[in-house]
Each structure stands twice: as structure tokens, then as C-alpha cells.
There are 2 protein chains.
Amino acid sequence: MPSDTKARIQAVARELFAEQGVRNTSLRQISDRLGITKPALYYHFASREDLVRSIVQPLIDDHDRFVTARGPGDPRELLEDYFEMIWRHRQVFVMVLNDLATLGQLDLTDRLFDWRRRLVGLLLGADVTQEQRIRATVALGGMSDCTVEYAGLPIEEVKPTAVHAAAAALGL
Amino acid sequence: MPSDTKARIQAVARELFAEQGVRNTSLRQISDRLGITKPALYYHFASREDLVRSIVQPLIDDHDRFVTARGPGDPRELLEDYFEMIWRHRQVFVMVLNDLATLGQLDLTDRLFDWRRRLVGLLLGADVTQEQRIRATVALGGMSDCTVEYAGLPIEEVKPTAVHAAAAALGL
DNA sequence: GTCTATAATTCGATAGAC
DNA sequence: GTCTATCGAATTATAGAC
């Protein structure tokens with residue numbers, strides 16, 4: 001192999017992006033952690049944006065492929081395949097979460113997990129199995145997505161169904 | 001009222017943050033849209049971080065209050081109250097989504113909505129009621145949250161339950 | 001409370017040697 | 001392929017007049 005530097009840059013960038021957010025990460029930080037200089041990055045990537053794009057592109061391609069090259073079929077099977085697909089890209093999803101976390105200097109990530117833990121406690125009591133916890137994540141996370149996707153609608157048109165679906169996910 | 005400028009600054013900031021992401025928004029853009037100058041902002045906020053914090057703080061306070069000042073009770077009622085609480089903060093959630101969208105120059109927001117639309121089509125066919133669409137959002141969004149919250153676990157410990165809960169949310 | 005002017009820093013990016 | 005050196009632009013933040 002003539003050079004794996006390009007891949008190493010991407011690995012370190014992914015790491016830093018997930019740690020502290022994309023926009024909060026400078027090329028200098030990336031080159032420092034690699035032990036090389038900033039201009040060296042420009043030999044492998046035309047621009048900062050080119051580097052970022054190269055990291056997010058696989059997620060885009062996989063999603064595009066999934067929604068196009070696929071016919072109607074068993075919904076359950078589709079849910080399973082879809083889960084496996086987004087699972088492979090979970091590091092990029094963590095990137096987003098940590099972009100939120102670094103908005104201020106607020107440690108929002110820690111808070112977020114603590115809130116979830118306590119919410120699950122309120123929902124299901126103190127003793128919860130891992131299975132119940134996962135179900136609760138689907139319920140609470142699914143509702144959260146509704147507030148984004150239907151942000152423009154009146155709440156009465158969203159809340160009843162969203163709550164109903166969340167309760168079903170919980171097994172209630 | 002001695003001055004509502006502080007509130008107007010926050011309103012414009014929230015607007016721009018949701019439009020183009022937090023880190024991509026400069027104080028100059030905020031002051032420009034308000035028709036004032038940048039130093040004027042510093043009369044009302046000690047720093048840029050202080051401004052951002054003042055916008056995110058209500059979400060933090062509401063979450064803290066929700067998980068503390070509340071005993072165990074009817075799970076269904078809790079889901080409803082929780083939904084109403086996060087619904088009030090949906091603008092902040094959109095901020096995060098758009099921070100993702102502006103990572104590169106990729107129009108990820110549009111893509112995201114398009115993927116969701118097509119996934120719902122694959123799951124439920126062409127004719128979908130609004131109710132089915134919301135249920136699908138809970139299912140797909142909930143699974144997506146699992147990939148973040150349990151990113152460190154082996155997939156076999158997450159996927160079966162996550163898919164099962166998603167199917168239940170869909171009414172399958 | 002808002003302005004003009006500017007300091008201080010950081011960032012992305014390039015030139016050119018090796 | 002990587003380095004030193006540096007440019008130009010943008011950003012946060014401050015000083016001081018009004």
C-alpha cells in the first residue's frame with residue numbers, strides 16, 4: 001500500500017468530531033494529534049469541507065441505496081435491515097449529539113443520559129431489565145423525533161398518536 | 001419596559017441557530033439582522049457563550065425539573081406530560097438537526113426528510129394516513145436513538161428488542 | 001444603550017524548499 | 001509526502017466617545 005495516511009487522517013477526524021463536535025474541531029487539532037503539520041492534510045484533501053464530506057458520504061450513500069434499490073416487502077424484515085444499516089453509521093450520529101453538547105460549554109451529553117436514566121426509572125420503576133431499557137429508548141427517542149419532524153403542526157395533531165405509539169413500543 | 005433588546009437578540013439568535021446551525025452563526029450575523037452593531041450585543045451578554053447558554057438553559061431547567069420534582073405514577077400520563085415538555089423545546093432540537101445539516105455543504109436536512117418519506121412508503125405502502133406516518137416516525141426515530149445510546153454494546157444485544165419495540169409502535 | 005475603531009487570536013489555505 | 005513560513009479573512013472581545 002502506497003500510503004494509509006489518508007485513512008489515518010479520516011480516523012482521527014472522526015474521533016475528534018465525535019468528541020467535541022465538527023465545527024469545534026480545527027485542522028490544527030487533527031494534524032497535532034496525528035503528529036504531522038496542517039499543510040500535510042492538504043496533500044490528501046483539497047479542503048476542510050472535502051475531509052468532512054469524505055466522512056459523511058458513506059452514510060449518505062448507504063441511505064440512498066437503501067431507499068432506492070429496494071422494493072416493498074415484509075415490514076419486519078425491513079426494520080431489521082434498516083437497523084443494521086444505521087447501526088453501522090452510529091459514530092456519525094454520535095457526532096451530531098456532541099455537536100449539541102458543545103453548543104455552550106454545557107455538558108449536555110452527560111445530562112442527556114442522566115435524564116433518560118431517570119425517566120426510565122419513573123416509567124418502569126427501579127428494577128429494569130436491559131430489554132425494558134431499550135424499549136424505553138425507542139419510546140422516548142421516537143417521541144423526540146416527532147417534535148422535530150412535525151414541528152410545524154399543531155400539537156393536537158401529533159401528541160395523541162405519538163404517545164400511543166410510544167406506549168405500544170413500551171409494551172403498555 | 002426598560003428594554004426588550006435582550007429578548008429580541010435571543011429571538012434572532014434562536015432563529016439563525018435553527019436556520020444554519022449554532023457554530024456557523026456569528027455575532028455579526030445576529031447584530032446585522034437586528035440592525036444594531038456587534039458591541040451592542042456585549043452590553044446585554046457577557047460573551048457569545050453566555051448568549052448561547054441563555055437560549056439552551058430553559059430546556060435544561062425543564063428537564064431537570066421534570067425528572068426530579070415528580071414521583072412514580074401512571075406511565076401513560078408521564079408519556080403525555082413528557083411529550084408536551086419536549087414539544088415546547090422543539091426549536092432547540094431543530095438547532096441540532098441543522099448543525100448536522102451544515103457539517104459540510106451537504107443538504108442533509110432535505111435528504112433526511114426524503115429518506116424518511118420513502119422509508120414510510122416502503123413500510124406501509126403509498127397511501128399512508130397522518131397517524132401511520134407519526135407511528136412510523138416513532139418507530140424509525142426510536143431505533144435511531146438506540147444506535148446512539150447503546151453504541152458501545154454488541155448489536156445482538158440491541159437489535160432484536162429495538163426492532164420488536166419499533167414494530168409495536170407501528171402496530172405490527 | 002449604542003456607536004466607531006481596533007486589538008488579539010484563530011482559522012483555512014497557499015508558496016516553495018526538501 | 002511532509003516541512004517552514006506566511007497570507008488574508010473572519011471571529012470574539014474590548015476601549016472609549018456620545
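Remember, it's a predicted structure, so these values are computed and weren't measured experimentally. Letters go in sequence order (proteins before strands), and every chain restarts at 1.
Here A/R33 pairs with A/E19 in a salt bridge; the nearest charged N to carboxylate O distance falls below 4.0 Å.
B/R28 CZ: 12 or fewer foreign heavy atoms inside a 6.0 Å radius.
Contact annotation: A/Y42 reaches the phosphate of C/dA13 (side-chain N/O to OP1 or OP2, under 4.0 Å). Here B/T5 reaches the OP1 or OP2 of C/dT2: one of its side-chain N or O atoms lies under 4.0 Å away. For B/Y43, no side-chain nitrogen or oxygen approaches OP1 or OP2 of C/dT2 to under 4.0 Å.
The CG-P distance, from A/L27 to C/dT14, rounds to 12 Å in whole Å. Rounding to whole angstrom units, CD of residue B/E49 and P of D/dT11 are separated by 18 Å. Between the CG atom of B/L41 and the C1' atom of C/dG1 there is a distance of 12 Å, given to the nearest Å. Counting to the nearest Å, the P atom of D/dC3 and the CG atom of A/D32 are 11 Å from each other. At whole-Å resolution of the value, NZ in A/K38 and P in C/dA15 are 15 Å apart. As rounded to whole Å, 13 Å separates atom P of D/dG1 from atom CZ of A/R8. Here D/dA10 presents its C1' atom at 11 Å from CZ of A/R23, a figure rounded to the nearest Å. One can place CG of A/D4 at 10 Å from P of D/dG1, the figure rounded to the nearest angstrom.
For the side chain to side chain donor-acceptor pair (under 3.5 Å) criterion with B/D61, the lone passing option out of B/R65, B/Q57, B/H63 is B/Q57.
By the 6.0 Å and 45° rule, A/R70 stacks over the aromatic ring of A/F66.
Closest to the side chain of A/H44, from the set C/dG1, D/dT2, D/dA13, is D/dT2. Here the side chain of B/T37 is nearest to one of C/dC3, C/dG12, D/dT4, namely C/dC3. Comparing C/dT2, D/dT2, C/dC11 by their nearest atom to the side chain of A/S26 picks out C/dC11.
Each of A/P39 and A/Q29 was matched to the nucleotide of DNA chain C holding its nearest heavy atom; the match closer to the 5' end belongs to A/Q29. Of the residues near DNA chain C, A/R28 and B/I36, the one whose nearest nucleotide (by heavy atom distance) lies more toward the 5' end is B/I36.
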Check the pair B/R116 / A/D145 against salt bridge (Lys or Arg N to Asp or Glu O under 4.0 Å), numbers first and verdict last. CA-CA 11 Å; B/R116 274 291 165 85; A/D145 261 47; 3.2 Å; yes

